[in-house]
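One structure is given here, and the rest of the page talks about it.
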Protein chains: 2
Amino acid sequence: MAKRGKINQRQRILEEAAKLFKSKGFAGTSMRDLGGEVGMEAASIYNHVKSKDEILESICFYISDTYISQLAEVEQTATPYREKIETLIRQHIRLMLEEGAAVSVANNDWKYLTGDKLTAFKDARKRYEHGFAALIEQGIAAGELQPVNVSVALFTILSAVRWVELWYRPGRGVSADELEQNILTMLLNGLAK
Amino acid sequence: MAKRGKINQRQRILEEAAKLFKSKGFAGTSMRDLGGEVGMEAASIYNHVKSKDEILESICFYISDTYISQLAEVEQTATPYREKIETLIRQHIRLMLEEGAAVSVANNDWKYLTGDKLTAFKDARKRYEHGFAALIEQGIAAGELQPVNVSVALFTILSAVRWVELWYRPGRGVSADELEQNILTMLLNGLAK
DNA sequence: CCTACCGATCGGTAGG
DNA sequence: CCTACCGATCGGTAGG
């Protein structure tokens, strides 16, 4: 009977939107562009979605929710801090590989959110950063990590993991496992001998 | 006599544009926004600048030219590879601190370049990356650096240095010198003990 | 450097 | 899901 389903169509719209926002930016993408990609007129998109803003919100909060719940899980496991941080880095890389476009939008186009949504997103990001920073701090206090400045360590990790979205292309010499392993080596052991 | 000078006005326009593009994106910034910031009507901006595209080009190539010439200089000095890489990292951080808005535009809005300019910018970036990668490779071959995957090392460094633009605010606990020193420690020695 | 515009395109709605 | 359209805004030009 092949009932398409409004929810599935909505999902498709969100996915195509994420790809377009990633390559052209939120402001540079028109509803007509999106319609072209999805295969309907721009006006028809509004049967599945309230507004262009709502599309952005769905993408951004899907990603921030994922990060937040991954952090909560790691916080609850009883493992050394070094291992907790390793797990978070791995999860970052994997989410990037699986949901590259959406992660890219959450990283770059969140600034086009407005009102409450903008505030809520910034809050979520701040909570995540504080939670991650606390783990690093405790790891240093426990003697498991170098006594480096916590903010610098945190943002170096978050950034190192962000480039994956911009530069990594699978099947070009580096496999996903090698990628993970090499990033972990860089961040935990450093480049110098 | 306080002659304003077309060149100075043009410079001011470029600087305000860089700030606006950084915060709202190239596509999200209108010539009317820019006029408001510079203190003239949108139409008047065209007395100092050919088009909105030309503004973007000036900003992007100013940054890429700077990177390219810094690399050329480092390549010519007779120092250990580890030191060359340290110098490049320091220069990246300093340029970010001095020209944050322009660097941000070159990093994020270059994708709105078109035609020849887009090609030329991508080429410049590729040349820079290849040159930097070659130094890492030679450093590994010389036994000065860990045998990590060269691409991963390169992009981890470039990314670690990019976050400065997004997250670092001077006068909030971390001085510029501490910032440099801590990033270098993270990248060269790693977080683990 | 401004006023007065231009054609094009934008996000979104009405009505079917 | 489409056609037809709205008011607003866009980059840019003409003419002074």
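Values in this document were obtained by computation on a predicted structure and should not be read as measured data. Quick note: numbers below take in every heavy atom, side chains included, and nothing from hydrogens, waters or symmetry partners. Lettering of chains follows the sequences in order, A, B, ..., and the numbering in each one begins at 1.
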For R94(B), is there an ion pair with E180(B) - N to carboxylate O distance below 4.0 angstrom? yes
For DNA chain C, report each stem as range with range, ordered by first number, or say none. Use Watson-Crick or G-U wobble pairs under 3.5 Å, at least 3 in a row. C:1-16 with D:1-16
Can you classify the ring geometry of F26(A) versus F21(A) as parallel (below 30°), tilted (30 to 60°) or perpendicular (above 60°)? perpendicular
Proximity to DNA chain C (any heavy atom under 4.0 Å), residues of residues 45-57 of chain B only: N47(B), H48(B)
With respect to the phosphate group of dC2(D), does any side-chain polar atom (N or O) of S44(A) fall under 4.0 Å of OP1 or OP2? yes
Can a donor-acceptor pair be found between the side chains of S151(A) and R172(B) at a distance below 3.5 Å? no
Would you confirm whether E83(B), through its side chain, and P80(B), through its main-chain N or O, come within 3.5 Å as a donor-acceptor pair? no
For the pair W110(A) and F121(A), name the ring-plane relationship: parallel under 30°, tilted 30 to 60°, perpendicular over 60°. parallel
Using 30° and 60° as the class limits, which term best fits the ring planes of Y128(A) and F132(A): parallel, tilted or perpendicular? perpendicular
D33(A) CG - dG12(C) C1' separation (whole Å): 16 Å
note: R32(A), atom CZ; dC1(D), atom P; distance rounded to Å ~ 18 Å
Mind listing the residues from residues 36-43 of chain B sitting with a heavy atom below 4.0 Å of DNA chain D? Number order is fine. A43(B)
Check whether any side-chain N or O of S30(B) sits under 4.0 Å from OP1 or OP2 of dT9(D), and answer yes or no. no
Assess whether a salt bridge exists between E16(A) and K19(A), defined as any Lys/Arg side-chain N lying under 4.0 Å from an Asp/Glu carboxylate O. yes
Can you tell if the side chain of E57(B) reaches within under 4.5 Å of the side chain of K50(B), non-hydrogen atoms only? no
Is there a chain of hydrophobic side chains (I, L, V, M, F, W, Y, each step under 4.5 Å between heavy atoms) that links L135(A) to L188(A)? yes
Round to the nearest Å and state the distance from I13(B) atom CD1 to dG12(D) atom P. 13 Å
Check R90(A) with E86(A), please: is the shortest side-chain N to carboxylate O separation under 4.0 Å? yes
Can you tell me how far CG of D33(A) sits from NZ of K24(A), rounded to the nearest 0.5 angstrom? 3.5 Å
